[in-house]
Amino acid sequence: RAKEQGGGVYRFFSAEMREETLMRHTLQQDMRGAAARGEFILHYQPRVSLHSLEVVSAEALIRWRHPRLGNVPPDCFIGLAEENGCIAEIGAWVLTEAVRQVAAWRNGGRMLKISVNLSPRQLNDRGIVDTVREVLDREGLPPEALELEITESALMQDQNLAISVMRELKHLGVQLSIDDFGTGYSSLSHLRKFPLDCLKLDRSFLDEEQASDINPLILAESIIDLAHALKLSVVAEGVENAEHLDFLRRTSCDEVQGYVISRPLPAAEFEACFAGWRCIVAGACGMPAPT
Ligand code: C2E
Ligand code: MG
Ligand code: MG
Ligand code: MG
C-alpha cells in the first residue's frame, strides 16, 4: 500500500511541478550575492495626500533584473528569500537604497517621505532595529520621514516579539503601517495591540468584480472611519480610476496610491513626473488644476 501511495505521489509530481521546483531552486541560488552584483533596483510609487493633493511620499518596491531570466517580480522571490535567509541581505539593501534616495530628494528640496516593505522574517529579528538606526544615521534622514510597512502575517507569527520590536522602532521615531489590510484575518480591534500609525487599505476593496452582496466601497468607507477612531491614518492602495479617486476624496481617506496616479517608476522618471501628478488628482476630482 505504501508503495502504491508512493507511486501515486510520484505520478502527481507532474512535469509542471518539477519545473516549478527547479525554478525555485534556481532563483534561490541566484539571489545569493545578487544585491552586491547590482541586480536589484528600486522603483518608486507616489502617494498623494487627498488633503493637499501633493505627492507626500513614495513606496519603494524592489525589482530584480536577473541576468538570464529578465525581470523577476517581487512576489516571485521575496517569499523564497524569506525561506533561505537571503531576505536579511536583500532587506538591508532595500532600506539603504531607499533611505539614500529620499535623503537626496530632500536635499534637493523635495520634502518627501519614504515607505519600505518589511517582510515577516525581518520584523521577527531584533537586529532590524540596529539596521534601521544605522541607515538613518548614515544618510542623515529624520526618522519620521521613514515608514515601515508590515503585513498582517508578520504580526501573527510571534506577537510578543513583533510588539516589542515595533515598540523599539517607534522609539527610534519611524512610522509603522499595516500593509494590505483586509486580506488577512485580523480585525481592527486586534490591531490595537500593535503600535501602528497608518493603515493601508488593500486594493481588493476597490474591486467591484468581487462577488459579494455588500458594495466593497461601503466596506472601505466604514474601515476608514474605524481606523480614524483608532487614530490611524488611511492610505488606499491600488486606486486605478477616476471614480475610485473621487469616491475616496468624498470619504475621509487621507492618501491614495495607485495606477490612476502612477505605476511605480525608476527614480529618474519619478522625479520627472512631479508636476503632472498634482494635475491628475485635481482633474480627476473635478477641481481646478493647481498652478
Ligand atoms: P505591496 O507592498 O502591497 O505593494 C503594492 C503592489 O501593488 C506593488 O506590486 C505595486 O506595483 C502594485 N500596485 C500599485 N498600484 C496598483 C494599482 O493601481 N493596481 C494594481 N493592480 N496594482 C497596483 P509589486 O511592486 O509587484 O510588489 C508586490 C509585493 O511584493 C508588494 O506588495 C510587497 O509585499 C512585496 N515587495 C515589493 N518590494 C519589496 C521589498 O523591497 N521588500 C519586501 N519585503 N517586500 C517587497
Ligand atoms: Mg507595501
Ligand atoms: Mg500593499
Ligand atoms: Mg501587496
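We number each residue from 1, following the sequence as shown. Start at 1 and go down the list; that is how both ligands and their atoms are numbered. The figures that follow rest on heavy atoms only: side chains count, while hydrogens, waters and symmetry mates do not.
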For this session: Run the numbers for me: atoms of ligand 1, each under 4.0 Å from some heavy atom of Ser119, listed by number.
Result: 44 (N)

Exercise. Which atom, among the N/O/S set of Asp179, is closest to the Mg ion (ligand 2)?
Worked result: OD2

Problem set entry | Check: Leu61 N/O within less than 3.5 Å of ligand 1 N/O | no

For this session: Determine, using heavy atoms of Arg63 and all atoms of ligand 1, whether some pair is separated by less than 4.0 Å.
Result: yes

Seminar exercise, completed: Quick look: Arg263 vs ligand 1, heavy-atom contacts under 4.0 Å, and the answer is neither

Problem set entry | Non-hydrogen side-chain atoms of Leu148 and Ile128 separated by less than 4.5 Å | no

Exercise. Counting only heavy atoms, which portion of Val116 has something under 4.0 Å from ligand 1: side chain, backbone, both, or neither?
Worked result: neither

Problem set entry | Side chain, backbone, both or neither: Pro73 near ligand 1, heavy atoms under 4.0 Å | neither

Exercise. Is there a donor-acceptor contact under 3.5 Å linking the side chains of Glu147 and Ser177?
Worked result: yes

Seminar exercise, completed: Per-atom filter on ligand 1: closer than 4.0 angstrom to a heavy atom of Gln45 are 14 (C), 15 (N)

Problem set entry | Numbering as shown, the atoms of ligand 1 that approach Asp75 to under 4.0 Å (heavy-atom distance) | 28 (C), 29 (C), 30 (O)

For this session: Check if Glu59 has a non-hydrogen atom at a distance under 4.0 Å from any atom of ligand 1.
Result: yes

Exercise. Taking the inter-plane angle between the rings of Phe40 and Trp64 on a 0 to 90° scale, is it parallel (under 30°), tilted (30 to 60°) or perpendicular (over 60°)?
Worked result: tilted

Exercise. Side chain to side chain contact (heavy atoms under 4.5 Å, CB included) between Leu230 and Arg192: does it pass, once the steps are laid out?
Worked result: CA-CA 8 Å; Leu230 296 171; Arg192 292 169 74 180; 3.5 Å; yes

Using atom types as modelled, flag every donor-acceptor pair under 3.5 Å from a side chain in residues 91-101 to any protein atom, sequence neighbours excluded.
{"residue": "Thr96", "atom": "OG1", "partner": "Ala92", "partner atom": "O", "Å": "2.8"}
{"residue": "Glu97", "atom": "OE1", "partner": "Arg100", "partner atom": "NE", "Å": "3.3"}
{"residue": "Glu97", "atom": "OE2", "partner": "Arg100", "partner atom": "NH2", "Å": "2.8"}

Exercise. Counting from 1, what ligand 1 atoms have a heavy atom of Asp180 closer than 4.0 Å?
Worked result: 3 (O)

Exercise. Does the side chain of Glu149 come under 3.5 Å of the side chain of Ser115 through a donor N or O and an acceptor N or O?
Worked result: yes

Exercise. Which of the N/O/S atoms in Asp180 sits closest to the Mg ion (ligand 3)?
Worked result: OD1

Exercise. Which ligand 1 atoms does Gly258 reach within 4.0 Å, using its non-hydrogen atoms?
Worked result: 15 (N), 18 (O)

Seminar exercise, completed: Looking at Glu59, the N/O/S atom that lies nearest to the Mg ion (ligand 2) is called OE2

For this session: Just let me know how Leu42 lines up against ligand 1, side chain, backbone, both or neither, with a heavy-atom cut-off below 4.0 Å.
Result: neither

Exercise. Quick check: does Gln257 get an N/O under 3.5 Å from an N/O on ligand 1?
Worked result: no

Exercise. Looking at ligand 1, does Glu237 have a heavy atom less than 4.0 Å from it?
Worked result: yes

Exercise. Taking just the N, O or S atoms of Glu149, which one is nearest to the Mg ion (ligand 2)?
Worked result: OE1

Exercise. Mind checking whether the Mg ion (ligand 2) has an N, O or S of Thr151 under 2.8 Å?
Worked result: no

For this session: State, yes or no, whether a side-chain contact exists between Gln257 and Arg203 at a heavy-atom distance under 4.5 Å.
Result: no

